[in-house]
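Reading through the structure tokens given below for one structure.
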Amino acid sequence: MELHISKNPRAVAEDFATFLVDLNKNSDKLNIALSGGSTPQLLFDVLAADYKKAIDWSKMHFYWGDERCVPPTDKDSNYGMAKAHLFDKVGIPEANIHRILGENEPRQEAQRHSHEIKKNVTSSDGLPRFDLVILGLGTDGHTASIFPDQMELLKATETCVVATHPESGQKRISLSGSVINNAKSIAFLVTGESKQPKVREILKHRGKFRTYPASHIKPANGVLYWFLDEAASA
Ligand code: 6PG
């Protein structure tokens, strides 16, 4: 596990962007699963503003760790946020964007998207193996859309699973824990004081850390990174 602690969210975004530039330089093609939620927005803005030329975007194929079951134009759409803050600004080939169709019936879409991933992402040990999976952390210890009351999704053998947000009841489509843990690299991108209690329990194996899905993210044969700001890592 590699721990990166930076002063503030912008410094975390800069540090992560540098990490992506290196990965991009040393690879012919990268299959990357993006995290959702609000934290990646600053990273996308920094990439679009300061790293547009430093990255060969034609090498990058983008997927998501999870998506909310809403249309792409909805304010909750993870795809919609990435499109507005990154794709539209750096010009990524449409064929390189592998969107989860949140507007479709969740179970059917989970199956359809699983096929798309299996067709395009090289497998190892019988499961798709992403080059990088970027994850966030919820204040309840969830990651992707694997919530504490749905821990079985960590061991699910499907590539994509359907989940339900415990408070809002919103349907989600998520990569299963098995596929996430099969990645070459997994990077948590976590900022802000509100995340500090769970970060502390998870990294120090304290308290109820076993009940948090994020604690069970351990690459079977890869590297785990935590990119944190000082507030989240205090
Ligand atoms: C989602 C996510 C989810 C997110 C965390 C943190 O679609 O909501 O993928 O796992 O990463 O909830 O969200 P914030 O970055 O908004 O704090």
Side-chain angles (χ1 to χ4, degrees), residues 6 8-10 12-13 16 32-47 62-86 98-103 106 109-110 113 117 130 132-151 153-154 156 159-177 179-181 183 186-203 211-217 224-229 231-233:
S6 306
N8 52 42
R10 173 164 286 275
V12 172
F16 197 90
I32 297 182
L34 297 171
S35 58
S38 57
T39 305
Q41 185 174 318
L42 179 55
L43 169 66
F44 297 158
D45 291 339
V46 165
L47 287 170
F62 289 108
Y63 298 78
W64 279 263
D66 68 325
E67 181 60 283
R68 292 90 179 266
C69 294
V70 295
T73 49
D74 188 285
K75 64 172 182 36
D76 276 356
S77 169
N78 288 335
Y79 161 78
M81 193 274 277
K83 181 177 184 314
H85 289 269
L86 182 64
H98 305 268
R99 175 173 86 81
I100 296 173
L101 308 181
E103 64 273 30
E109 179 53 16
H113 195 61
I117 290 174
F130 282 95
L132 173 64
V133 174
I134 307 173
L135 296 172
L137 176 68
T139 51
D140 62 354
H142 82 260
T143 193
S145 278
I146 303 178
F147 297 96
D149 64 339
Q150 294 151 57
M151 296 293 270
L153 301 182
L154 286 164
T159 298
C160 298
V161 290
V162 176
T164 307
H165 191 287
E167 274 130 46
S168 69
Q170 182 186 57
K171 285 292 177 197
R172 304 282 188 93
I173 292 172
S174 184
L175 292 179
S176 65
V179 168
I180 293 172
N181 281 332
I186 302 172
F188 279 98
L189 185 66
V190 179
T191 60
E193 202 177 343
S194 69
K195 306 294 172 70
Q196 194 269 332
K198 292 295 181 290
V199 168
R200 183 182 176 76
E201 286 183 78
I202 292 167
L203 292 184
T211 67
Y212 310 142
S215 291
H216 300 268
I217 299 302
L224 177 63
Y225 300 85
W226 282 80
F227 288 81
L228 304 171
D229 67 350
S233 64

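Since we're looking at a predicted model, the values are computed, not measured. Numbering of ligands and ligand atoms starts at 1, following listing order.
Here the shortest heavy-atom distance to atom 3 (C) of ligand 1, taken over Gly192, Gly36, Ala144, Ala214, belongs to Ala144.
Nearest protein neighbour of atom 9 (O) of ligand 1, counting heavy atoms only, is Asp66 OD1, 2.6 Å. Of the protein's non-hydrogen atoms, His142 NE2, 2.8 Å is the one closest to atom 12 (O) of ligand 1. The single protein non-hydrogen atom nearest to atom 13 (O) of ligand 1 is Gly37 CA, 4.0 Å, given as residue, atom name and distance. Here the protein heavy atom with the shortest distance to atom 6 (C) of ligand 1 is Leu137 O, 3.5 Å. In this structure, the protein non-hydrogen atom closest to atom 15 (O) of ligand 1 is Thr39 OG1, 2.5 Å. The nearest protein atom to atom 14 (P) of ligand 1, hydrogens excluded, is given as Ser38 OG, 3.5 Å; this is a heavy-atom distance.
When each atom of ligand 1 is checked for a heavy atom of Gly136 under 4.0 Å away, the hits are 11 (O). With ligand atoms numbered from 1 in the order given, ligand 1 contributes 7 (O) to contacts under 4.0 Å with heavy atoms of Asn78. Close approach of ligand 1 to Arg172 is summarised as follows: ligand atoms under 4.0 Å from at least one heavy atom of the residue are 1 (C), 7 (O), 8 (O). Taking a cut-off of under 4.0 Å to the non-hydrogen atoms of Arg68, the atoms of ligand 1 that pass are 1 (C), 7 (O), 8 (O). Annotation for ligand 1: atoms under 4.0 Å from non-hydrogen atoms of Lys195 are 6 (C), 14 (P), 17 (O).
Between the side chain of Thr143 and the main chain of Ala214, no donor-acceptor pair closer than 3.5 Å is present.
A heavy-atom distance below 4.5 Å is not found between the side chains of Pro72 and Lys83. With a 4.5 Å cut-off on side-chain heavy atoms, Asn78 and Leu34 do not count as touching.
For Gly136 against Val190, the heavy-atom pair with the smallest separation is C-CG2, 4.5 Å. Gly37 and Pro40 make their closest contact through O-CD, 3.6 Å (heavy atoms, listed as atom of the first residue, atom of the second, distance).
Listed by first then second residue, pairs satisfying side chain to side chain donor-acceptor pair (under 3.5 Å) with a partner in residues 193-203 read Glu201-Tyr212, not counting sequence neighbours. Residue pairs satisfying the salt bridge (Lys or Arg N to Asp or Glu O under 4.0 Å) criterion with at least one member in residues 63-76, sequence neighbours excluded, are listed as follows: Asp66-Arg172.
Ring planes of His165 and His142: perpendicular class, angle over 60° (limits at 30 and 60°).
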